[in-house]
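Since the structure comes first, as C-alpha cells, the remarks are kept for the end.
Residue indices begin at 1 and follow the sequence shown.
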Amino acid sequence: MLFGLVFAAALAGCAGPEPAPLEPPLRDANPRPALAIAPLVRLDRASVDRPTWPPSGGQVWAGDWNRIRAQQAPLECQACGEEVPRPRLVINRAADEVAPAASPTCPDCGGTTFYLEPFSTPYRPATDLAATRARAATLLAERGVFERVHLLPADDPTLDPVLGVTPEVRHVWRETARARGARWLLEPVLEEARVELIEKNGLHALKVVNLILSSIFIFPGVDPLNWFIPGEDYGVVQRLAWRVTDLADGPGGPGGPGGPGGPGGPGGEGQRELVTRASFADLGPGPTRGFFVVGFLRAPGCLDEEDWAHVAGQLTEVAAEDLARALVVAAEGAGR
C-alpha cells in the first residue's frame, strides 16, 4: 500500500510548471490607439552577473568597491566553482582601478576568471528581458486590444547601470513613442527575480513515514522511495512594477500634462508579485533538485549555487512567459 502511495505521488509530480492563463481580451467597440512599450528594466542583478576578476566590460560596478576591499573569502572560479586564495588587491586611486597583485589561476580547471564575492542566497536567475518584452508585444498584437504595438529601441538612450531610469530617459521614451504615433506608453520594471523554496508540501509527511519504515526494514537513512516523491515546491518569484502613461494632447497645451513635449497624463500604475512554482523530487521523472542523502530534511540548506541554477533552469522558461503575460494584463488594464 505504501509503495502504491509513493508511486501515485511520483506520478503527480511528473508535470512541470504551467504559465498562468490569460483571460480573454476585453475589447472595446473599436481597438484602442497604439501602445508603445519601453525597454524592460531589471533592478536587481542575476547571481551569474556578480562582479568578477578580470572585470566584465573592463570595469567593476560602482558600489562593489567597498565589498571587494573588505572581502576576506577566497575567490571562486567562474567555470568550476573551485575556491582559490584571494590575492592581495592593489588599488590605483588616481586611475580609479583595482587589480590583484598576481593573476590567479584555478588549480582544478585552469580557469582565469573568478567571482570576487561568494554566492549567497537567494539565487537570482538571469532573465532575457528583450525576449520577454517581445513576447508581450506578440501577445498584445494577437489579442487586438490596441491598434498597434511598438517596441521602443533598447539602446536609445543607453541606460546607465548605476543611475537606471532617469527623468531624461523617460522624456526620450515619451518623445519616441509620440513620434511613432503611440497614444499609450508602458514602462515595465522587474524589481526582483529570485528562486526559493516555497514550501515543503503535503507529501513531506509521507516522506517522513517512509524514512522511518525504510530505516527499520532496510537500513538507517536509506529511503530509495523518497528519492522520487516530489515533496518540495520551488518557485521563481518575480516582482513587477509598471506605469502606463497617456500621451494624448491634454488641456494643458504644449509642454503641459499630456501636451507635446509634456510628461503625459496618468494611465495607471501598479505592482504585482508573480510566483512560478513546481513540485520537485531528488530524482525524476518530473522536476528534480538533485540527490542528497535524506535531502528532504536538509533542503534547502544543502543546495549550492549549481543546484539552485539547476532548479531555476526548470522554471525560468515558464517564469518568462508569466512575466510577459503580466505585462499584457498591465497594458490592457490601464486607462479603462
Side-chain angles (χ1 to χ4, degrees), residues 42 44-92 95-129 161 192-197 221-222 226-227 232 234-237 278 280-284 287-317 319-320:
R42 179 169 175 175
D44 69 339
R45 181 168 55 195
S47 294
V48 296
D49 292 334
R50 62 190 190 274
T52 61
W53 186 266
S56 175
Q59 63 180 1
V60 178
W61 279 37
D64 290 327
W65 293 98
N66 289 335
R67 288 198 298 275
I68 292 170
R69 282 189 288 230
Q71 187 63 253
Q72 299 299 317
L75 296 176
E76 181 180 301
C77 178
Q78 190 179 42
C80 69
E82 181 71 16
E83 293 184 346
V84 301
R86 177 178 291 267
R88 184 172 61 87
L89 291 178
V90 177
I91 301 172
N92 183 343
D96 200 26
E97 293 177 350
V98 62
S103 183
T105 300
C106 176
D108 214 31
C109 69
T112 57
T113 303
F114 300 86
Y115 287 119
L116 286 169
E117 55 187 38
F119 167 73
S120 61
T121 55
Y123 180 81
R124 301 187 183 278
T127 305
D128 191 334
L129 302 176
E192 180 186 20
R194 66 184 187 274
V195 181
E196 62 183 39
L197 174 66
V222 178
N226 275 349
W227 303 343
E232 298 160 25
Y234 291 88
V236 175
V237 181
F280 283 71
D282 292 51
L283 306 174
T288 62
R289 56 126 168 88
F291 174 76
F292 299 91
V293 177
V294 292
F296 75 99
L297 295 178
R298 300 167 56 199
C302 57
L303 274 63
D304 61 16
E305 182 177 7
E306 185 177 353
D307 300 319
W308 281 112
H310 177 65
V311 170
Q314 300 166 81
L315 295 168
T316 47
E317 183 177 347

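Considering only heavy atoms from C-beta on, Phe296 comes within 4.5 Å of Asn226 through its side chain. Counting heavy atoms from C-beta outward, Val48 and Tyr123 have side chains that approach closer than 4.5 Å. Between Pro125 and Trp308, every side-chain heavy-atom pair lies at or beyond the 4.5 Å cut-off. Counting heavy atoms from C-beta outward, Phe119 and Asp304 have side chains that stay 4.5 Å or more apart.
To the nearest 0.5 angstrom, Leu197 atom CG is 11.5 Å from Thr121 atom OG1. Atoms CZ and CG, from Phe292 and Asp282 in turn, are 8.0 Å apart once rounded to the nearest 0.5 Å.
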Validation: residues 77-85 side-chain donor-acceptor distances under 3.5 Å, sequence neighbours left out:
none

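With sequence neighbours left out, the side-chain hydrogen bond (donor to acceptor under 3.5 Å, both in side chains) criterion links Glu76 to Arg50. Not counting sequence neighbours, the partners of Ala299 by the side-chain contact (heavy atoms from CB on, under 4.5 Å) test are Glu232, Tyr234, Arg289, Cys302, Leu303. Take Ala319 and apply the side-chain contact (heavy atoms from CB on, under 4.5 Å) test, not counting sequence neighbours, and it matches Val236, Gln238, Thr276. Evaluation of the side-chain hydrogen bond (donor to acceptor under 3.5 Å, both in side chains) rule for Asp128 yields no partner, not counting sequence neighbours. With sequence neighbours left out, the side-chain hydrogen bond (donor to acceptor under 3.5 Å, both in side chains) criterion links Thr316 to no other residue.
The main-chain N or O of Glu305 is never found under 3.5 Å from a side-chain atom of His310 such that the two would form a donor-acceptor pair.
Minimum heavy-atom separation, Leu283 to Thr288: C-CG2, 3.2 Å. Ala312 and Val195 get closest at one heavy-atom pair: CB-CG2, 3.7 Å.
At a threshold of 4.0 Å, the pair Arg124-Glu192 counts as salt-bridged, since one of the basic side-chain nitrogens sits closer than that to a carboxylate oxygen.
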